[in-house]
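Excluded from the calculations below are hydrogen atoms, water molecules and symmetry mates; all remaining heavy atoms, backbone and side chain alike, are included.
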Amino acid sequence: MFATDTTPDFLSVTGLLKATPAEEGGERIIYLEASDESVDASGERVLASALASSAAEYEKFGNLDIDHVTIVGARMGIKDYLLYEIGRPIAVRVDGRRTYVKAQLYRGDGEVARHANIVWDSMTKISPPARWYPSVGGAVLEKGIELDPKTGARIAIVKRVRWTNIAL
């Protein structure tokens with residue numbers, strides 16, 4: 001959610017396991033943990049069941065990008081915001097409280113592949129490799145408030161989403 005926005009229509013979960021690269025059949029693949037139900041930087045907990053119920057839609061229509069620019073770029077006035085897209089999901093797996101994603105990074109020459117190439121090179125061509133942290137993005141469709149069993153603090157629990165994006 002942005003400072004000028006008063007509706008909870010954007011989901012962003014950050015600070016999780018780094019993305020891990022692999023080459024499979026000549027394709028550039030990254031594996032990442034998208035969510036683990038911990039309280040995120042926004043003070044919210046996103047249920048794995050919320051992501052699971054939207055996983056098929058994310059696999060079919062979703063993307064990977066840099067800093068959610070493909071979602072927010074137009075309203076922020078970022079020129080060529082679609083050039084920040086770097087790949088697409090191949091598979092989603094929910095294992096208990098954790099949600100994992102296998103994604104394919106774009107490859108190619110020129111401006112349309114520039115960000116994907118930067119991400120890939122930073123994970124495979126330098127030592128130590130760069131760390132890229134996934135951030136889940138999409139629309140919050142249902143949210144509730146619960147007490148955190150560890151701290152007793154009130155926290156927002158995201159129960160239903162339309163998952164469309166993972167940003168690095």
Under 3.5 Å: donor-acceptor pair, side chain of [X], backbone of [Y]:
X	Y	value
R45	V39	no
S54	W163	yes
D40	S42	yes
S53	A50	yes

Notebook entry, point to check: Heavy atoms, side chains only, cut-off 4.5 Å: are L83 and E111 in contact?
Noted result: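 Side chain of L83 against side chain of E111, heavy atoms only: contact under 4.5 Å found.
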Next item on the list: Determine whether I118 and I86 make a side-chain contact, defined as any pair of heavy atoms from C-beta on separated by less than 4.5 Å.
Entry: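 A side-chain contact is absent here, since even the closest heavy-atom pair is not under 4.5 Å.
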Distance in Å, [X] [atom1] paired with [Y] [atom2], rounded so as to fall on 0.5 Å steps:
X	Y	atom1	atom2	answer
D65	T164	CG	OG1	9.0 Å
L105	R88	CG	CZ	11.0 Å
Q104	E24	CD	CD	10.0 Å
I145	E44	CD1	CD	8.5 Å
I66	W132	CD1	CH2	4.5 Å
R97	D95	CZ	CG	12.5 Å

Notebook entry, point to check: Mind checking what makes side-chain hydrogen bond (donor to acceptor under 3.5 Å, both in side chains) contact with N117, not counting sequence neighbours?
Noted result: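 side-chain hydrogen bond (donor to acceptor under 3.5 Å, both in side chains) list for N117, sorted by chain: R28.
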Look at the side-chain heavy atoms of Ile, Leu, Val, Met, Phe, Trp and Tyr, link any pair under 4.5 Å apart, and say whether [X] and [Y] land in one connected group.
X	Y	answer
Y106	I166	no
L47	V140	no
V112	Y84	no
V72	Y81	yes
F61	I90	no

Next item on the list: May I have the step-by-step check of side-chain contact (heavy atoms from CB on, under 4.5 Å) for V92 and L51, ending in yes or no?
Entry: CA-CA 9 Å; V92 173; L51 295 175; over 6 Å; no
Identify the heavy atoms of [X] and [Y] that sit nearest to each other, and give their distance.
X	Y	result
A34	V136	O-CG2, 3.3 Å
R107	G26	NH2-O, 2.8 Å
S35	V46	OG-O, 3.9 Å
P129	M123	CB-O, 3.4 Å
A113	G108	CB-O, 3.5 Å
H68	A167	N-CB, 3.1 Å

Check: Where do K102 and R93 land on the side-chain contact (heavy atoms from CB on, under 4.5 Å) test, with the steps shown first?
Finding: CA-CA 9 Å; K102 176 182 179 181; R93 178 175 59 90; over 6 Å; no
Checklist line | side-chain contact (heavy atoms from CB on, under 4.5 Å) assessment of T20 paired with I30 | finding: CA-CA 5 Å; T20 304; I30 60 172; over 6 Å; no
Next item on the list: Test E85 against every option in N165, T70, N63 by the side-chain hydrogen bond (donor to acceptor under 3.5 Å, both in side chains) rule and name the one that passes.
Entry: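 Answer after filtering N165, T70, N63: N63.
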